Amino acid sequence: SWRACSSLRLGHSLFSNGLLRGLHTTQAAHKAQAGRYRVTRNRSKPLTYEMANQPCQIAHRKSWNSWNTTSLYEGLREPETVVDDIFIRKFMTGTWHNLFVSEVIIKRQHNMIRIAGIVQRKIAARKMYFLIGYCEELLSYWLKCPVKLELQTVPDKKDVVYKYI
Amino acid sequence: MLKLGGVTPRLYSQVLRLAASCNIHTTLSTFSELKAEENEEFRTLELRSKKFVRQPARVMKSHNVVPPRYKRQKVDQDWGNVWPAARTFHPASVPLPVRQGYPASGQVTPDKWGNAELMKIPNFLHLTPPVIKRQCEALKKFCTPWPSGIETAAEQEKYFPVMVSKSTYLHSSPTLRDQKARIVTLRVSLKSLDLDDHGRDKLLRLVKNRHDPTTDCLTIVADRCPLSQQNYDYCFYLLTVLYNESMKTEPWEHEKEVADRERYIWEGSPSQAALQAIIDSNEDSTPEEVIEEYKKVVIDLHNEGEDEPTLSRYRDSVMKLVGLA
């Protein structure tokens with residue numbers, strides 16, 4: 001529900017140099033806009049399932065991208081894990097140039113990190129094998145635990161489109 | 001001047017070369033055309049900017065893709081070999097037509113191809129019933145039967161009265177350490193410690209609230225050392241020391257006064273003296289059971305506190321003693 005936001009515009013005292021300054025006298029109305037995409041006129045924007053479902057749908061129609069035990073009662077190392085996750089996501093999307101069509105999914109099991117995601121088939125399979133080995137090797141050195149990549153490939157990015165808005 | 005007309009450039013160049021080799025001086029009016037066509041020395045100067053010529057679109061090479069794996073799988077294959085360990089869902093390897101997701105309006109549930117939701121959730125494809133059975137069979141050879149003679153809880157309590165417990169913790173992180181894993185708890189029932197009255201009283205005074213009166217169990221928790229092995233040793237050291245100290249009688253223990261006693265003792269109490277006075281003043285001999293009952297009731301009153309049943313019993317006993325009941 002919209003709240004009428006009334007602003008008070010004081011006249012001459014605040015009017016100087018041709019600029020008008022006003023005050024808000026009611027609460028500023030901030031609508032939730034996180035993770036939501038604007039509808040286009042001609043329904044041309046493609047959305048994946050992840051993008052189409054808003055953050056309020058997590059645990060209802062969407063699942064989490066990061067699985068670990070840090071947020072359980074007396075779980076250890078929560079902030080370090082979050083920072084590691086941010087690093088892994090940046091690293092993966094940067095190394096696989098424009099190739100990831102889904103979010104990077106990070107699962108931690110015992111001391112292993114399993115990274116999953118959907119990748120386009122824009123490069124040859126040999127290059128993909130190299131990138132997989134490269135990512136696994138370097139990430140395991142940086143994060144100090146075994147890293148496994150479990151990727152799924154898709155011929156075109158149109159294959160992961162859920163709907164157009 | 002050699003003038004030639006209507007001859008091809010090739011013939012021209014041949015003539016020129018011939019002329020050059022023969023040192024004949026020749027000039028031709030079409031020399032510039034020849035040069036422009038053959039691009040020998042100078043590039044053409046373009047003063048007007050060229051119109052934008054659209055390049056043909058870059059064709060991405062389509063790479064040969066191996067057909068999905070499920071097409072080569074037999075119906076009676078051993079699934080445990082296809083999916084030996086926990087792995088993210090891979091649609092080409094799993095021959096099942098699973099679907100996941102909320103359908104968009106007018107659409108069906110999204111299928112398994114390019115479905116990130118199926119990849120996010122944990123799957124148990126590595127733990128199908130035949131695989132579990134196989135793993136249990138493999139583990140059987142490491143199992144020994146339960147030792148005979150300690151089937152019931154009473155026997156276990158008799159032969160293994162001390163119970164030591166500690167926890168280990170598992171986290172999904174690179175580090176293995178958890179500080180809580182050093183805590184060791186030792187539980188023993190005081191019945192199995194063979195203490196006399198004095199020893200039991202002394203032990204209870206030493207351990208204070210570590211003894212649970214309802215279960216008659218002593219619980220010692222040790223967490224002061226960094227390793228659980230050290231805490232375990234410390235627990236047993238404490239138990240040994242407590243037992244030995246409670247068996248000993250120190251010379252100053254005889255200074256225990258009536259107020260220090262943990263429970264009411266009838267012998268030598270003012271109630272006993274008062275009862276004796278009443279019995280002596282009574283002409284008829286009071287029956288033994290009345291005396292015993294009074295004694296028991298007074299002890300209960302002191303030890304268990306004053307509540308409705310004890311007070312009513314005391315009243316009945318006094319009536320009987322006095323002879324009014």
Side-chain angles (χ1 to χ4, degrees), chain A residues 47-50 52-53 57 60-70 72 74-78 80-81 84 101-103 105 107-118 121-128 143-145 148-157 159-164, chain B residues 58-70 83-94 99-127 167-181 183:
Chain A
L47 292 184
T48 59
Y49 188 88
E50 177 98 35
N53 285 303
Q57 297 286 9
H60 297 266
R61 295 185 193 173
K62 249 177 27 164
S63 187
W64 286 270
N65 288 330
S66 196
W67 293 75
N68 48 54
T69 61
T70 53
L72 299 175
E74 290 181 348
L76 302 175
R77 236 181 146 256
E78 186 165 10
E80 290 91 342
T81 306
D84 283 347
V101 223
S102 74
E103 292 290 328
I105 297 159
K107 298 187 192 181
R108 281 180 170 73
Q109 194 165 22
H110 306 134
N111 75 330
M112 272 202 316
I113 298 181
R114 293 185 5 240
I115 301 171
I118 307 178
R121 280 187 219 132
K122 272 204 210 167
I123 53 174
R126 288 182 80 183
K127 296 193 181 177
M128 284 212 172
L143 302 167
K144 299 279 178 276
C145 46
K148 286 185 161 48
L149 255 59
E150 292 160 353
L151 303 175
Q152 186 193 134
T153 58
V154 126
D156 192 29
K157 64 181 174 211
D159 295 332
V160 291
V161 171
Y162 174 69
K163 68 180 191 183
Y164 292 88
Chain B
R58 184 187 199 178
V59 174
M60 302 297 285
K61 269 186 285 184
S62 65
H63 307 284
N64 296 334
V65 179
V66 180
R69 189 174 284 272
Y70 71 87
W83 212 274
R87 195 192 188 285
T88 312
F89 184 81
H90 192 243
S93 305
V94 178
R99 288 175 177 267
Q100 164 118 22
Y102 191 86
S105 61
Q107 306 287 328
V108 293
T109 315
D111 62 3
K112 63 178 182 176
W113 301 100
N115 195 331
E117 293 302 313
L118 271 171
M119 293 175 79
K120 287 180 198 175
I121 53 170
N123 62 64
F124 288 93
L125 292 164
H126 57 291
L127 289 174
S167 297
T168 49
Y169 296 84
L170 199 64
H171 297 277
S172 66
S173 69
T175 55
L176 294 175
R177 315 256 168 254
D178 192 336
Q179 277 300 307
K180 298 191 296 289
I183 301 170

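Quick note: numbers below take in every heavy atom, side chains included, and nothing from hydrogens, waters or symmetry partners. Note that the structure is predicted; figures quoted are calculated from it, not measured. Lettering follows sequence order; numbering is per chain, from 1.
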[X], part contacting chain A, at a heavy-atom distance under 4.5 Å:
X: B:Ala92; answer: neither
X: B:His90; answer: side chain
X: B:Val66; answer: neither
X: B:Thr175; answer: side chain

Engaged part of [X] at the chain B interface, taking heavy atoms whose separation is under 4.5 Å:
X: A:Lys148; result: neither
X: A:Arg77; result: side chain
X: A:Tyr162; result: both
X: A:Glu80; result: neither
X: A:Glu50; result: side chain
X: A:Arg114; result: side chain
X: A:Ala124; result: both
X: A:Leu143; result: backbone
X: A:Leu76; result: both
X: A:Ser63; result: both
X: A:Leu151; result: backbone

Please check this pair: side chain of A:Arg61 against backbone of B:Tyr102, looking for a donor-acceptor N/O pair closer than 3.5 Å.
no
Are side-chain heavy atoms of B:Trp113 and A:Asp159 found at a separation under 4.5 Å?
no
Winner by heavy-atom pair count (cut-off under 4.5 Å) against chain B, out of [options]:
options: A:Lys163, A:His110, A:Met112, A:Lys62; result: A:His110
options: A:Lys107, A:Gln57, A:Gln109; result: A:Lys107
options: A:Lys144, A:Arg121, A:His60; result: A:Arg121
options: A:Glu150, A:Glu74, A:Arg108; result: A:Glu150

Over all heavy atoms of both residues, which pair between [X] and [Y] is shortest? Give the atoms and the distance, please.
X: B:Lys120; Y: A:Trp64; result: CD-O, 3.3 Å
X: B:Arg69; Y: B:Ser93; result: CD-OG, 3.9 Å
X: A:Val154; Y: A:Asp156; result: CG1-O, 3.0 Å
X: B:Thr88; Y: B:Met119; result: CG2-O, 3.3 Å
X: B:Asn123; Y: B:Trp83; result: OD1-NE1, 3.8 Å
X: A:Leu47; Y: A:Ala52; result: CD1-CA, 3.9 Å

Could you tell me if B:Lys112 sits above the aromatic ring of B:Tyr70, with its cationic atom closer than 6.0 Å to the ring centre and no more than 45 degrees from the axis?
yes
So which of B:Pro91, B:Gly114, B:Gly101 has the biggest tally of heavy-atom pairs under 4.5 Å with chain A?
B:Gly114
With chain A, which of B:Pro110, B:Ala116, B:Ala86 has the greatest number of heavy-atom pairs at distances under 4.5 Å?
B:Ala86
Describe, in one word, how the ring planes of B:Phe124 and B:His126 are oriented to each other, choosing from parallel (under 30°), tilted (30 to 60°) and perpendicular (over 60°).
parallel
To the nearest 0.5 Å, what is the distance between CD (A:Glu103) and CD1 (A:Ile118)?
10.5 Å
NE2/B:His171 to OG1/A:Thr70 distance, rounded to the nearest 0.5 angstrom?
10.5 Å
Do other residues, nucleotides or ligands put more than 12 heavy atoms under 6.0 Å from A:Lys127 NZ?
no
